Chemist: 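The structure under discussion is supplied below as structure tokens; questions concerning it will follow.
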Amino acid sequence: MIGLERGTVELVPYQEGWKTSYEEEVERLKTIAGERLLDFEHIGSTAIEGLPAKPIIDILAVVESLEEARDLVPVLEQNGYEHRPDEDVCGRLFFAKGPRTNRTHYLSLVECDSDFYHEKIAFREHLREHPEVAEQYASLKRALAEKYLKRRERYTAEKGDFIRDVLGSAMNE
């Protein structure tokens with residue numbers, strides 16, 4: 001993976017190896033957490049063929065209950081994941097793997113009936129099924145990455161309207 005200065009937005013072209021990295025990490029997570037992780041989804045831009053992305057594999061893992069899943073925090077921390085409490089996003093437990101300057105994976109533990117789960121899957125599937133929308137998103141991401149190279153929070157915030165519009169379409173299909 002590419003080293004990134006903290007807070008920097010560096011997009012790279014789609015990499016075929018991202019799918020393999022996802023699959024390898026899922027197998028590792030199954031070994032670490034066993035049956036407590038019920039299902040997995042590859043989400044985010046690395047899950048959409050052809051889309052440029054920050055080279056961080058984004059994994060969604062389904063748990064029976066977020067409350068019960070809190071017991072997994074020390075287990076995941078002992079295996080290279082940093083628990084990152086995220087008050088801005090409810091309905092998940094969030095973890096990052098890799099040094100802060102070179103994250104390799106993001107992991108979100110969620111319940112399968114949560115809004116977070118449904119929105120992430122709907123967004124991914126909509127982009128996969130509508131290549132013209134995926135290309136619009138890719139163009140927006142490239143423009144914002146250039147404009148906000150050293151301001152990742154701003155880059156993320158500026159994508160918000162587009163993402164909300166896509167979700168509106170996706171959830172109504």
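On a predicted model such as this, the values are computed, not experimentally measured, just so you know.
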Chemist: Kindly determine whether Leu37 and Leu109 satisfy side chain to side chain contact (heavy atoms under 4.5 Å, CB included), including the steps that lead there.
Modeler: CA-CA 8 Å; Leu37 301 178; Leu109 303 185; 3.7 Å; yes
Chemist: Quick one: are Leu11 and Lys54 in side-chain contact, heavy atoms under 4.5 Å?
Modeler: yes
Chemist: Could you give the distance from CG (Leu29) to CZ (Arg36), rounded to the nearest 0.5 Å?
Modeler: 13.0 Å
Chemist: Would you say Ile59 and Tyr22 make side-chain contact, with heavy atoms under 4.5 Å?
Modeler: yes
Chemist: Can you list, pair by pair, the side-chain donor-acceptor contacts under 3.5 Å of residues 63-78, counting residues two or more places apart and other chains?
Modeler:
{"residue": "Ser65", "atom": "OG", "partner": "Glu67", "partner atom": "N", "Å": "3.2"}
{"residue": "Ser65", "atom": "OG", "partner": "Glu68", "partner atom": "N", "Å": "3.2"}

Chemist: Sequence neighbours excluded, which residues qualify as side chain to side chain donor-acceptor pair (under 3.5 Å) partners of Lys97?
Modeler: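 Testing Lys97 for side chain to side chain donor-acceptor pair (under 3.5 Å), a comparison that skips the adjacent residues, returns Glu25.
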Chemist: For Asp161, check salt bridge (charged side-chain N to carboxylate O under 4.0 Å, His left out) against everything at least two apart and list the hits.
Modeler: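 In terms of salt bridge (charged side-chain N to carboxylate O under 4.0 Å, His left out), with neighbours along the sequence ignored, Asp161 is linked to Arg164.
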Chemist: Taking the side chain as C-beta and beyond, is there a heavy-atom pair between Val166 and Val133 under 4.5 Å?
Modeler: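 Yes. Closest side-chain heavy atoms under 4.5 Å.
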Chemist: Count the heavy atoms of every other residue, nucleotide or ligand shown that sit under 6.0 Å from NZ of Lys147, and state whether that count exceeds 12.
Modeler: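 Check fails, neighbour count at 12 or below.
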Chemist: Going by side chain to side chain donor-acceptor pair (under 3.5 Å), name the residues that satisfy it together with Glu125, two or more places apart in sequence or in a different chain.
Modeler: Arg128
Chemist: Sequence neighbours left out, what passes salt bridge (charged side-chain N to carboxylate O under 4.0 Å, His left out) with Glu24? Give chain and number order.
Modeler: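 Salt bridge (charged side-chain N to carboxylate O under 4.0 Å, His left out) check on Glu24 returns nothing, list empty.
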Chemist: Kindly indicate whether a cation-pi arrangement holds for Arg151 with Tyr148, taking the cut-offs as under 6.0 Å to the six-membered ring centre and within 45° of the axis.
Modeler: no
Chemist: Can you list the steps and then say if Tyr106 with Phe94 is a ring-ring contact (aromatic ring centres under 6.0 Å, His included)?
Modeler: CA-CA 7 Å; Tyr106 288 148; Phe94 182 66; 5.2 Å; yes
Chemist: Could you pull out all residues at least two apart from Ser45 that satisfy side chain to side chain donor-acceptor pair (under 3.5 Å)?
Modeler: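 Per chain and number, Ser45 pairs via side chain to side chain donor-acceptor pair (under 3.5 Å) with Lys141.
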Chemist: Is it the case that more than 12 heavy atoms not belonging to Glu132 sit under 6.0 Å from its CD atom?
Modeler: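 Check passes, neighbour count above 12.
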Chemist: Is the distance between the ring centroids of Trp18 and Tyr14 less than 6.0 Å?
Modeler: yes
Chemist: Is the backbone of Gly17 close enough, under 3.5 Å, to the side chain of Ser21 for a donor and an acceptor to pair up by distance?
Modeler: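 Between the backbone of Gly17 and the side chain of Ser21 there is a qualifying donor-acceptor contact (under 3.5 Å).
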Chemist: Applying ring-ring contact (aromatic ring centres under 6.0 Å, His included), can you list everything that pairs with Tyr81, at least two apart in sequence or on another chain?
Modeler: none
Chemist: Are there over 12 heavy-atom neighbours, none belonging to Glu129, within less than 6.0 Å of that residue's CD?
Modeler: yes
Chemist: One thing to verify: whether Glu82 and Arg100 come together as a salt bridge, which I'm taking to mean a side-chain N less than 4.0 angstrom from a carboxylate O.
Modeler: yes
Chemist: Tell me, please, which residues at least two apart from Ser139 pass side-chain contact (heavy atoms from CB on, under 4.5 Å).
Modeler: Glu135, Arg142
Chemist: Applying salt bridge (charged side-chain N to carboxylate O under 4.0 Å, His left out) as the test, list every pair that has at least one member in residues 114-124; sequence neighbours left out.
Modeler: Glu41-Arg124
Chemist: Return the orientation label for the Tyr137 and Phe123 ring planes: parallel under 30°, perpendicular over 60°, tilted otherwise.
Modeler: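 Perpendicular, since the angle between the ring planes exceeds 60°.
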Chemist: Of all residues at least two apart in sequence or in a different chain, which pass the side-chain contact (heavy atoms from CB on, under 4.5 Å) check with His118?
Modeler: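 His118 satisfies side-chain contact (heavy atoms from CB on, under 4.5 Å) with Met171 once adjacent residues are dropped.
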Chemist: Checking Ser169 now: which residues fulfil side chain to side chain donor-acceptor pair (under 3.5 Å) with it, not counting sequence neighbours?
Modeler: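 Not a single residue meets the side chain to side chain donor-acceptor pair (under 3.5 Å) criterion with Ser169.
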Chemist: Holding to salt bridge (charged side-chain N to carboxylate O under 4.0 Å, His left out), I want the full list of residues that pass it with Lys30, two or more places apart in sequence or in another chain.
Modeler: Glu27
Chemist: Give the minimum heavy-atom separation between Ile57 and His42, together with the two atoms involved.
Modeler: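 Here Ile57 and His42 meet closest at CG2-NE2, 4.0 Å.
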